[in-house]
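Single-structure report; data block below.
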Amino acid sequence: MPPTTLLRKSLLTTAMALALSPMAVFAERVAVTAERMIDVESGTLRSKAVVVVDGERIIDVRWDGQVPAEARRIDLGDVTLLPGLIDCHVHIDSQSGDFYTEAFRRSPIDNAVKAHVYAQRTLQAGFTTVRNAGSAEFIDVALRNAITRGDVQGPRILASGLALGATGGHADGGTGFSPYLRFEGYNGIADGVDAIRAKVRFDVKHGADVIKFMASAGVLSEEESVGEPQYSQEEMNAVVDEAHRWHRKVAAHAHGTEAIKMAVKAGVDSIEHGSFLDDEAIALMKKHGTWLVADVYNDDYILAEFARLKYPETMLEKERKVGRTQRESFRRAVKAGVRIAYGTDAGVYPHGDNAKQFAKMTQWGQTPIQALQAATLHAAELLGRSEQVGAIRKGLYADLVAVPGNPLEDIGVMEKVAFVMKGGKVEKSTR
């Protein structure tokens, strides 16, 4: 056989092997263009943005409006381009409904069946990454895996699995009911240092990316307090030490002043809610570099809707004590320079409305660029994902959103997301 024939056969065989190989994915290079882009790293608005994407990643960002010849152009026109948004506190596997229906007529299986719907709504709202802050039966782990495989549409999820807490505390779903009622399934209840360490390991074993625990009492549970500590200092220390030993960050649900201080001293990575901050708590957070993740929109929805949803009056009364004070604490934390990351508690209110919090964050002390950085650059830093998400930069995932108008002038446009790209794939486009 002539050498040229052998060469042709070899090339043909190689080409066929590549074509049939599951690894043979030839990604199209695209250039996303927009009239404006917010550079969250510099905090500036720039014009004539061109973001060049190859596969999942950004390979170039330029400001001359020129599209490389080899790239297909996606022209978004008169919009503002931003990095994919990040929500650091969601409950993506559930959503508030009638209190007694949820408690007695539905199970975690019902939540699992609907979780992908909530994930899709979250992504369509422009949130391409979320941290789930407590989940029943490891639903968030399963949902994360399904999204990663491409089975369903949704944001990247950092899953927490079971939220840890004390018997009778905010993580104990049986509190307030008859002692003769039994609730089957996994739970995060753990008392004492050894049991807490074992529960952290159990979460990690079953796929948790982050550990969430209840440092204090809460609002939407039936223990009497809204903010008293529910773990000792030794118990909080054990949560953090064990989680960090497994290279997992720790999020502490903490409303009350003393519980916040104890959690910060234990070394948690973030304080969730942070409703009753005093000067000492703020100084401790600054000293330790602890992030505040404050859900400052939630109060509006709970007080407007939860009586209709038949939530007990004891819970509504606790929310009345918390809401205004939490927002004032947020303003003081912002003024003092505490590190702020965006987190909404979505699931308490409808998924997909995550961006409604931007307006509240600016109302209570942040500038528009600070609020946007909290949901991008700073959220990524809290999550330990700065080399993957949180900015529009070469080498990061091609996570992009676009909104009409200029959010630095009208933050409300963040609720009108017109375009979403996650990892180079267009997930939403109204253009």
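Bear in mind that the values here come from a model prediction, so they are computed numbers and not experimental data. Note that the numbering runs from 1 along the sequence shown for the chain.
For Lys318, the salt bridge (Lys or Arg N to Asp or Glu O under 4.0 Å) test picks out Glu223, with sequence neighbours left out. With sequence neighbours excluded, the residues satisfying side chain to side chain contact (heavy atoms under 4.5 Å, CB included) with Ala359 are Ile411.
Ion pairing between Arg245 and Asp241 holds under the 4.0 Å rule for side-chain N and carboxylate O. A salt bridge is absent between Arg105 and Asp110: the closest approach of a Lys/Arg side-chain nitrogen to an acidic carboxylate oxygen does not fall below 4.0 angstrom.
The distance from the CE atom of Met361 to the CE atom of Met414 is 11.0 Å, given to the nearest 0.5 Å. We find the CD1-CG distance between Ile260 and Leu284 to be 10.5 Å, quoted to the nearest 0.5 Å. If you take CG on Leu164 and CZ on Arg197, they are separated by 12.5 Å, rounding to the nearest 0.5 Å. Atom CD in Gln95 sits 9.0 Å away from atom CD in Glu102 (nearest 0.5 Å). Atom-to-atom distance recorded for Glu427:CD and Gln153:CD is 4.5 Å, nearest 0.5 angstrom. The CG atom of Asp209 lies 14.0 Å from the NE2 atom of His247; values are rounded to the nearest 0.5 Å.
In this structure, Lys422 contributes its side chain and Gly154 its backbone to a donor-acceptor pair below 3.5 Å. Thr129 places no side-chain N or O within donor-acceptor distance of the main-chain N or O of Ile86, the cut-off being under 3.5 Å. Not one N or O on the side chain of Asp151 forms a donor-acceptor pair closer than 3.5 Å with the backbone of Ile147. In this structure a side-chain-to-backbone donor-acceptor pair under 3.5 Å is missing from Asp300 to Asn298. A donor-acceptor pair under 3.5 Å is absent between the side-chain atoms of Lys199 and the main chain of Val239, judged by distance alone. The closest donor-acceptor contact from the side chain of Thr430 to the backbone of Ala418 lies under 3.5 Å. Proximity of a side-chain donor or acceptor of Arg46 to a complementary backbone N or O of Met37 within less than 3.5 Å is not detected. Within the 3.5 Å criterion, the main-chain N or O of Lys356 finds no donor-acceptor partner in the side chain of Asp353. Checking side-chain atoms of Arg144 against main-chain N and O of Gly207 turns up a donor-acceptor pair under 3.5 Å. Formation of a donor-acceptor pair under 3.5 Å by the Asp191 side chain with backbone atoms of Ala166 is not found in this model.
Ser329 and Leu277 get closest at one heavy-atom pair: OG-N, 3.2 Å. When all heavy atoms are compared, the tightest approach of Ala31 to Val67 is CB-CG1, 3.6 Å. The heavy-atom pair separating Gly343 from Val293 by the smallest distance is CA-CG1, 3.4 Å. Between Val322 and Ser275 the shortest heavy-atom distance is CG1-OG, 3.3 Å. Ala238 approaches Val193 most closely through the heavy-atom pair CB-CG1, 3.8 Å. Annotation for Ala263 and Ala215: closest pair CB-CB, 4.2 Å, computed over non-hydrogen atoms.
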* **Check against side-chain contact (heavy atoms from CB on, under 4.5 Å), Ile196 and Glu235** => CA-CA 7 Å; Ile196 285 168; Glu235 288 173 316; 3.4 Å; yes
* To do: Dump the intermediate steps for side-chain contact (heavy atoms from CB on, under 4.5 Å) on Val52 and Ile58, then the final yes or no.
  => CA-CA 6 Å; Val52 185; Ile58 297 168; over 6 Å; no
* Report the C-alpha distance between Asp203 and Phe138 in whole Å, list the side-chain angles of each, state the deciding distance to 0.1 Å, and finish with yes or no for side-chain contact (heavy atoms from CB on, under 4.5 Å). => CA-CA 9 Å; Asp203 263 343; Phe138 296 101; 3.4 Å; yes
* To do: May I have the step-by-step check of side-chain contact (heavy atoms from CB on, under 4.5 Å) for His253 and His255, ending in yes or no?
  => CA-CA 7 Å; His253 162 106; His255 284 287; 3.6 Å; yes
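Ring orientation note: the planes of Tyr100 and Phe104 are close to parallel, at an angle under 30° on the 30°/60° scale. Using cut-offs of 30° and 60° for the angle between ring planes, the Tyr349 and Tyr301 rings count as tilted.
For residues 379-402, no residue pair satisfies the ring-ring contact (aromatic ring centres under 6.0 Å, His included) rule, not counting sequence neighbours. Pairs of residues two or more places apart, or lying in two chains, never qualify as ring-ring contact (aromatic ring centres under 6.0 Å, His included) while including a residue from residues 212-246. Applying the salt bridge (charged side-chain N to carboxylate O under 4.0 Å, His left out) definition to pairs two or more places apart or across chains, those involving residues 255-281 are Arg131-Glu272, Lys261-Asp278, Lys261-Glu280, Asp279-Arg332.
Of the residues Arg29, Lys394, Arg72, the one that meets the salt bridge (charged side-chain N to carboxylate O under 4.0 Å, His left out) test with Asp54 is Arg29. Applying the side-chain contact (heavy atoms from CB on, under 4.5 Å) test between Ile38 and each of Ile369, Leu81, Ile392 identifies Ile369 as the sole match.
Remark: aromatic rings of Phe358 and Tyr297 are distant, center separation not under 6.0 Å. Centroid-to-centroid, the aromatic rings of Tyr186 and Phe202 come within less than 6.0 Å. The six-membered or imidazole ring of His351 lies away from that of His91, with a centre-to-centre distance of 6.0 Å or more.
Side chains of Ser94 and Asn111: a donor-acceptor N/O pair is absent below 3.5 angstrom, by distance only. Under 3.5 Å, the side chains of Asp93 and Ser135 contain a donor-acceptor pair of N or O atoms. With hydrogens and angles left out, the side-chain atoms of Arg156 and Thr128 include no donor and acceptor closer than 3.5 Å. For the residue pair Ser221/His170, the side-chain donor-acceptor check at 3.5 Å is satisfied. Using modelled atom types, one finds no donor on one side chain facing an acceptor on the other under 3.5 Å when comparing Thr148 with Asn145. In summary, the side chains of Gln326 and Asp295 do present a donor paired with an acceptor at a separation below 3.5 Å, with no hydrogens or angles considered. Side-chain contact of Asn132 with Ser160: a donor-acceptor pair under 3.5 Å is absent, judged by distance alone. Residues Thr80 and Asn406 bring no donor and acceptor atom of their side chains to less than 3.5 Å of each other.
Atom CD of Glu317 sits in a crowded spot, with more than 12 heavy atoms from other residues, nucleotides or ligands closer than 6.0 Å. Heavy atoms of other residues, nucleotides or ligands lying less than 6.0 angstrom from CG of Leu303 number more than 12.
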Distance-only donor-acceptor pairs under 3.5 Å for side chains of residues 371-384, two or more places apart:
from: Gln373; atom 1: NE2; to: Val40; atom 2: O; distance (Å): 2.9
from: Thr376; atom 1: OG1; to: Leu372; atom 2: O; distance (Å): 2.6
from: Glu381; atom 1: OE2; to: Arg339; atom 2: NH1; distance (Å): 3.1

